[in-house]
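Computation of the quantities below employed the complete heavy-atom set of this structure, encompassing side-chain atoms and omitting hydrogens, waters and symmetry-equivalent molecules.
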Amino acid sequence: MSDQPDAASMDRDWGHLDKVWSKAQEHWRELDSYYWRTFEVWSSKKKGERGRPFYHPARPASIVDHAVNTLLAYKPHVTVYPLKEGVTIHEDRADAKEAFLQAVLEETALKSSVLTWKQLSKHMVHYGYGVLEGPIADVLSRPKLPDDPTEEEREIWEAQMLGWNPFQFDAIHPARVKMDPREKKPSLAVKRYKQYAHVLEEITGRRQRRGLIDYTWQGRDNPYALIQVTEWWDEEWHALSAEGGGLLFAEKNVYGFVPFAHAFAGGGMEVTDLAEFDPIYWCKGILTPVIDSLKAEAQQASARHNAVLNRAFARLASKDPEATAQALEEDGVIPVTETEWLQYPDLTAAMFSAAQDVAKDIEEGTYSRVVSGQVSTETVGELAMRTSAALRNFEAPAKQVEEIATVGGGRVFMLMDRLEELEHLTIQGHRLTKEQIDHTYACKVTFDLVDPVIQMQMRELGLREVESGNKSRLTYWETDLRLEDAARERERLDQERLREHPYYQAMAMAHVARIDGMGELADKFEAEAKGLRAQLLMGETIGSDDMSLNGGGNGNIPLAPQGAASATRPQVGTPGAAMTALRQLRRPLNGQTAKPKPRRR
């Protein structure tokens, strides 16, 4: 068991971990200077370079931004595994958990100031390392039901609970929180950041009102004063201290886990001659190997830009500078014999070819600009090859982001199972109870990058496979249509088929006829409904796959299911079935590139 932390021990742990990450943080500052275009193009320490004009190209920021926007997805897709396969109740619960967690991840991403999952991907690409904070469950904000409530008070409380989402995820900057870089599941996390005084007063005030602490931070003198705070987590304790105020509180960690997940992008590796482990060698961002090339490009661009300006706005040399300057100011005439233009070196082709060499080096060290649409290609096949090659560079960071999100998603179920304040929640219309969790937290969160054209083609292919009997409808819903709640969709389809049944339609028409005062017509519909009901009770029932029953006015019920094989329909597993699925379909070249339509001749 760990000891209860105090302000001194929290500062000690921060100091230790800050030292572990010091070199990595210094590298991140350098990467930031390139992303924000504040790096030194010319050295201020060299006399020969001081005062030179400089220009910062946008390439460093565009490399990172295009990589995140084009090659990484940030819409989560959730898969939950049932406790027991084939058991309806457990499969229905798994479907409910999928829809609920999907809503949680999407809503919490929008609650944050920045899109959580996109920001996490950006940190992973830029710094080679990413951290996810959460889930944090703000149970103290739970709407409170008054004692002995009135009916109106209960309705208000139920309405508040309907929109209450206590969970929060944040893609926190890696420099704000420190963990052991060698632990994939951290046992300790120390977070240091600035917080407004009035927020600290609110945090401590809520705990004081609930009798958890007997101290409230006083920030009324200057509520917007920024106070440095340190937050400390391990599996048993959660504590908060403030600079100048000492320990604000130390409470038991009811979560049972440290609410942080982190991972490296996978591009770096340890060096051979290393006395001590240092995470800087794992923090390889996309700009790390091309920093020198980016500076060289900026220097060349600055030189060319300055050379063009000198040629366009050449300066005059004169034997009488004052008279010449006055004549120019007054738009006067200057004798040619008294002045001459300064001569500047010509812009040679070598200057531009050198720039192409540097640009090629940068592209080889990052990814092809063709993928982001910055450069055109001659053929679709070339685009497919370059797209596949570029995506392979981002498979590792994409997998790490998915793993981090999966850990966070499983912890949402864990908190609902452990905290009584979260025993039932409804988020975006999806309700989940503690009972439905089944004490299982396993899930999988993916961020699939699917082109709309590719998705349309995969839907077409999947539909043909269903029609030919090579794929189940449920698999088609889950993989091709990507439905969030297949069980709910199945219920809706069953309801539609029931409404299409002649008996249901006859009863509905009878009800409408009576409302409109047409009693005789209503009696006829009811008589027809009784006849249909009698046929059903006599055993003339429908096939299990056919509920659409277009029986017509005579009430005849077709007994053959719609899915029955016919002489013109290939059987499952035969070559004819496979050819039916592929006929007249433009299959994609790969998962990201659609095959173009054939040209008409």
What I want to find out is whether [X] reaches [Y] closely enough, with some N-O distance under 4.0 Å, to be called a salt bridge.
| X | Y | result |
| --- | --- | --- |
| Asp494 | Arg499 | no |
| Glu91 | Lys84 | no |
| Lys295 | Glu40 | no |
| Lys444 | Glu402 | no |
| Arg176 | Glu133 | no |
| Lys75 | Asp448 | no |
| Arg29 | Glu26 | yes |
| Asp32 | Arg37 | no |

Is there side-chain contact between [X] and [Y], with at least one heavy-atom pair below 4.5 Å?
| X | Y | value |
| --- | --- | --- |
| Trp21 | Cys283 | yes |
| His126 | Ile286 | no |
| His27 | Thr288 | yes |
| Lys122 | Val125 | no |
| Gln195 | Leu226 | no |
| Phe167 | Val412 | yes |
| Leu432 | Lys97 | yes |
| Met416 | His424 | no |

**OP:** Apply the test side chain to side chain donor-acceptor pair (under 3.5 Å) to residues His173 and Tyr127: give CA-CA distance (whole Å), side-chain angles for both, the deciding distance (0.1 Å), then the verdict.
**Re:** CA-CA 10 Å; His173 192 284; Tyr127 299 120; 2.9 Å; yes
**OP:** Take the angle between the ring planes of Trp117 and Phe447 and call it parallel below 30°, perpendicular above 60°, tilted in between.
**Re:**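 Aromatic pair Trp117/Phe447 classed tilted.
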**OP:** Verify, without hydrogens or angle tests, whether Thr406 (side chain) and Val445 (backbone) share a donor-acceptor contact under 3.5 angstrom.
**Re:**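 The answer is yes, because a donor-acceptor pair under 3.5 Å joins these two groups.
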**OP:** Would you confirm whether the ring centroid of Phe100 sits within less than 6.0 angstrom of the ring centroid of Phe413?
**Re:**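 Ring-ring flag for Phe413/Phe100: false, centres at least 6.0 Å apart.
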Grab the two heavy atoms, one from [X] and one from [Y], that are nearest each other, plus how far apart they are.
| X | Y | result |
| --- | --- | --- |
| Gln4 | Ala250 | NE2-CB, 3.6 Å |
| Lys471 | Gly462 | NZ-CA, 3.9 Å |
| Lys118 | Tyr74 | N-CB, 3.6 Å |
| Phe260 | Val177 | CE2-CG2, 3.9 Å |

Taking the six-membered ring of [Y], is the NZ or CZ of [X] close enough (under 6.0 Å from the centre) and on axis enough (within 45°)?
| X | Y | result |
| --- | --- | --- |
| Lys252 | Trp237 | yes |
| Arg411 | Tyr441 | no |
| Lys191 | Tyr193 | yes |

Subject >> Glu231/His238 under side chain to side chain donor-acceptor pair (under 3.5 Å): CA gap, chis, key distance, verdict >> reply: CA-CA 8 Å; Glu231 192 171 1; His238 172 221; 2.8 Å; yes
Subject >> Sequence neighbours excluded, every pair satisfying side-chain hydrogen bond (donor to acceptor under 3.5 Å, both in side chains) that has a member inside residues 253-267 >> reply: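 side-chain hydrogen bond (donor to acceptor under 3.5 Å, both in side chains) check on residues 253-267 returns Tyr129-His262.
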**OP:** I would like to know whether Glu30 and Trp28 meet side chain to side chain donor-acceptor pair (under 3.5 Å); could you show each step before the answer?
**Re:** CA-CA 5 Å; Glu30 183 181 19; Trp28 294 342; over 6 Å; no
Subject >> Distance, nearest 0.5 Å, that separates OG1 of Thr230 from CG of Leu247 >> reply: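 These two atoms lie 10.5 Å from each other.
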**OP:** Can you measure from NE2 (His511) to CE (Met507) and round to the nearest 0.5 angstrom?
**Re:**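 Output value for this atom pair is 10.0 Å.
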Is the closest side-chain donor-acceptor distance between [X] and [Y] under 3.5 Å?
| X | Y | answer |
| --- | --- | --- |
| His90 | Thr440 | no |
| Gln495 | Glu491 | no |
| Asp438 | Gln436 | no |

Subject >> With Pro166 via side-chain contact (heavy atoms from CB on, under 4.5 Å) - residues at least two apart >> reply: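 For Pro166, the residues satisfying side-chain contact (heavy atoms from CB on, under 4.5 Å) (neighbours in sequence not counted) are Trp164, Leu422, Leu425.
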Subject >> Steps toward side chain to side chain donor-acceptor pair (under 3.5 Å) verdict (Ser141, Asp138) >> reply: CA-CA 6 Å; Ser141 67; Asp138 187 10; 3.3 Å; yes
Original post:
Among Val199, Leu212, Ile213, which residue meets the side-chain contact (heavy atoms from CB on, under 4.5 Å) test with Thr204?
Top reply: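 Output: one option passes, namely Ile213.
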**OP:** Can you sort out the partners of His56 under side-chain hydrogen bond (donor to acceptor under 3.5 Å, both in side chains), two or more places apart, ordered by chain and number?
**Re:**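 Per chain and number, His56 pairs via side-chain hydrogen bond (donor to acceptor under 3.5 Å, both in side chains) with no residue.
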